[in-house]
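See structure below.
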Amino acid sequence: MIVVVNNSASQEQFDNLVSWIEAQDVKLHFSRGETHTVIGLVGDTTKIDTELLEGLDIVSQVTRVSDPFKNANRKFHPEDTVIEVGNTKIGGGHFALIAGPCSVESEEQIVAVAQAVKAAGATILRGGAFKPRTSPYDFQGLRAEGLALLLTAKKETGLPIITEIMDADHIPLFEDVDIIQVGARNMQNFELLKELGKTKKPILLKRGLANTLKEFLMSAEYVMSEGNENVILCERGIRTFETYTRNTLDISAVPMLKELSHLPVVVDPSHASGVSRLVKPLSLSATAVGADGLMIEVHNNPQYALCDGPQSLTPEQFEDTATAVKKVLAALR
C-alpha cells in the first residue's frame, strides 16, 4: 500500500500518522519529494482501512499495490535512486562506465588495464577475483590475492572497484570493495542476498540466465528488505534458442525495468553476446534506450586471457566504444 502525504502537513500531524500506521504491524518506506512524501507500507495491509486514511486532510492519495516487490517498486519511490561510489554516481541521469578484465591475473595486468580504461573514460574498475565457471577444471580466479591486486589497481588509478562474491562467508574479505557484484548464477541465492542486505555496500545484481523481470526484481527485494537499498540492476543477456551469440541481450528489459523500478539499470554487453565485435553496437543500443551505465570486459591481451577472451575488448577498442557512447549520451541530452 502507498500513502501520499502533502508536505503542507505539520510535523505533529505527520508523526501521528506514522505512529498510527506503525501500530498496524507493517514496515514503512519513506520517499520525500518537493510537494509530497510517499509512505510505502510493506507487510499485511489487508486490515488497514483505506477510506479512513483517505479521509485525513494531510493524505492526498492511498493506493494498494499488487506487485510483490515493494521496496524496489517505482510506485513506492517515484524519484530515481542515485548510487554514489566515491566521486561516481549511477542513476538519475548519471552514467557509469564500468570496465576491466573478466578475471584478475596479475598485478601488471590489472594495473595496466585499469590505467587504460580510466584514460578512456571509465569511472569504475571491474575484475573477477572469485570466478564461477561451468567447468570445475577452468581457472576460477586468484581469490583473496585477486582482491588485493584490485586494491592495488585502485590505489594506482583512484578508480572505485567492483568484483563478484560467491559465498556469504566471503563478505569480510570485501570490506574495501566499493561495489559487490552478485552474478547471474547467484541471482536466486536468497541466503546470500539476505546477508548482503545487512551490509550498506552497493550491490550490483545481475539478471539470471533464464529469469523473468519479476523474478529479477524479487531478488533485488531480498537485498532491500534487509535494509540495504543500494542496489543496481544489471541486464546481462538471457539464454534463448539462438546459438550465434553466447546469450541474447534483452534490450527491452532496460526501459521496462526503469518503468517498474526506481533502481539504476546497467547493461553488460560482453556477457550478453560473448563476441567482442558485438560489444560496441550493443553498448550504443543500451545507451540509447536509457541504461544508466555499461559494464564492459577489457583485457590488454584478449587472446591470452584466462577467462572470456573472445568477448573482451582491447584498450583501443574500449576507447573507441567509450567515445561512441559519449556521442549517444550527448545526443540524448
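No side-chain donor-acceptor contact under 3.5 Å links E226 to the backbone of V223. Looking only at distances, a side-chain donor or acceptor of Q109 sits under 3.5 Å from a matching main-chain atom of S103. Put simply, the side chain of K47 never gets that close to the backbone of D44: no donor and acceptor are under 3.5 Å apart. Of the possible polar contacts, none joining the S273 side chain to the T245 backbone as a donor-acceptor pair under 3.5 Å is found. Judged by distance alone, with hydrogens and angles left aside, the side-chain atoms of N301 form no donor-acceptor pair with the main-chain N or O of Y304 at under 3.5 Å.
Between the CD1 atom in I58 and the CZ atom in F14 there is a gap of 8.0 Å [rounded to 0.5 Å]. The CD1 atom of I180 sits 11.5 Å away from the CD atom of E164 when rounded to the nearest 0.5 Å. Atoms CE and CD1, from M224 and I203 in turn, are 11.5 Å apart once rounded to the nearest 0.5 Å. Between L257 atom CG and L217 atom CG the span is 5.5 Å, to the nearest 0.5 Å. Atom CG of residue L196 and atom CG of residue N230 lie 12.0 Å apart, to the nearest 0.5 angstrom. Taking CZ of R74 as the start and OG of S261 as the end, the distance is 7.0 Å to the nearest 0.5 Å.
Side-chain heavy atoms closer than 4.5 Å link hydrophobic residues (I, L, V, M, F, W, Y) into clusters, and following such links, even through other members, never connects I98 to I110. Clustering ILVMFWY residues whenever any of their side-chain heavy atoms sit less than 4.5 angstrom apart, transitively, puts M166 in a cluster other than the one holding M295. V265 and V328 fall within the same hydrophobic cluster, where Ile, Leu, Val, Met, Phe, Trp and Tyr residues are linked whenever their side-chain heavy atoms come under 4.5 Å apart, directly or through other members. The hydrophobic clustering, which links ILVMFWY residues whose side-chain heavy atoms are closer than 4.5 Å, places I124 and L151 apart. Following chains of ILVMFWY side-chain contacts shorter than 4.5 Å, one cannot reach V65 starting from L41, and the two form parts of different hydrophobic clusters.
Of the residues listed (V231, V182, V266, I90), the one engaging L204 in a side-chain contact (heavy atoms from CB on, under 4.5 Å) is V266, and it is the only one.
Side-chain contact, H170 with D167: no donor N or O sits under 3.5 Å from an acceptor N or O. Side chain to side chain, E191 and N189 fail the donor-acceptor criterion of an N or O pair below 3.5 Å. At a cut-off of 3.5 Å, with distance as the only test, no side-chain donor of S219 or E221 sits close to an acceptor on the other residue. Inspection of the S8 and N6 side chains reveals no N or O donor paired with an N or O acceptor under 3.5 Å. For S270 and D308, the side-chain atoms include no donor-acceptor pair closer than 3.5 Å. When only modelled atom types and interatomic distance are considered, R126 and T163 share no side-chain donor-acceptor pair under 3.5 Å.
For CD of E54, the number of neighbouring non-hydrogen atoms (other residues, nucleotides, ligands) closer than 6.0 Å is greater than 12. More than 12 heavy atoms of other shown residues, nucleotides or ligands fall within 6.0 angstrom of atom CZ in R64. The neighbour count for E12 CD, taken as heavy atoms of other residues, nucleotides or ligands under 6.0 Å away, does not exceed 12.
Counting only residues at least two apart or in different chains, ring pair (Phe, Tyr, Trp, His ring centres under 6.0 Å) contacts with residues 76-109 comprise H29-H77, H77-H262. Listed by first and then second residue, the ring pair (Phe, Tyr, Trp, His ring centres under 6.0 Å) pairs involving residues 216-251 are F190-Y222 (not counting sequence neighbours).
Using a 4.0 Å cut-off between charged side-chain N and carboxylate O, K258 and D292 make a salt bridge. With salt bridges taken as basic N to acidic carboxylate O contacts below 4.0 Å, one links E235 and R207. Using a cutoff of 4.0 Å between basic side-chain nitrogens and carboxylate oxygens, D178 and K154 are scored as salt-bridged.
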Candidate pair V5 and F30, rule side chain to side chain contact (heavy atoms under 4.5 Å, CB included), full reasoning: CA-CA 10 Å; V5 180; F30 299 94; over 6 Å; no
Start with the C-alpha distance between Q317 and R277, add both sets of side-chain angles, then the distance that settles side chain to side chain contact (heavy atoms under 4.5 Å, CB included), and finish with yes or no. CA-CA 9 Å; Q317 290 171 327; R277 68 178 181 276; over 6 Å; no
Full working for side chain to side chain contact (heavy atoms under 4.5 Å, CB included) between F318 and V279: CA-CA 9 Å; F318 174 72; V279 170; over 6 Å; no
Carefully, step by step, assess I2 and I39 under the rule side chain to side chain contact (heavy atoms under 4.5 Å, CB included). CA-CA 6 Å; I2 295 171; I39 306 177; over 6 Å; no
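The heavy-atom pair separating A322 from A120 by the smallest distance is CB-O, 3.5 Å. Taking each heavy atom of I171 and T199 in turn, the nearest pair found is CG2-CG2, 4.2 Å. Scanning all heavy atoms of the two residues, the minimum distance from V177 to I161 falls at CG1-O, 3.8 Å. Between H299 and P302 the shortest heavy-atom distance is O-CD, 3.5 Å. Here the closest non-hydrogen pair linking S106 and L142 is N-CD1, 4.5 Å. N228 and K201 get closest at one heavy-atom pair: ND2-O, 2.8 Å.
Between D80 and P264, the closest side-chain pair of non-hydrogen atoms is not below 4.5 Å. Side-chain atoms of V275 and Q311, non-hydrogen and from C-beta on, never get closer than 4.5 Å to each other. Using a 4.5 Å heavy-atom cutoff, the side chains of L53 and L17 are in contact. Using a 4.5 Å heavy-atom cutoff, the side chains of F130 and I165 are not in contact.
For E195, the salt bridge (charged side-chain N to carboxylate O under 4.0 Å, His left out) partners are K198, not counting sequence neighbours.
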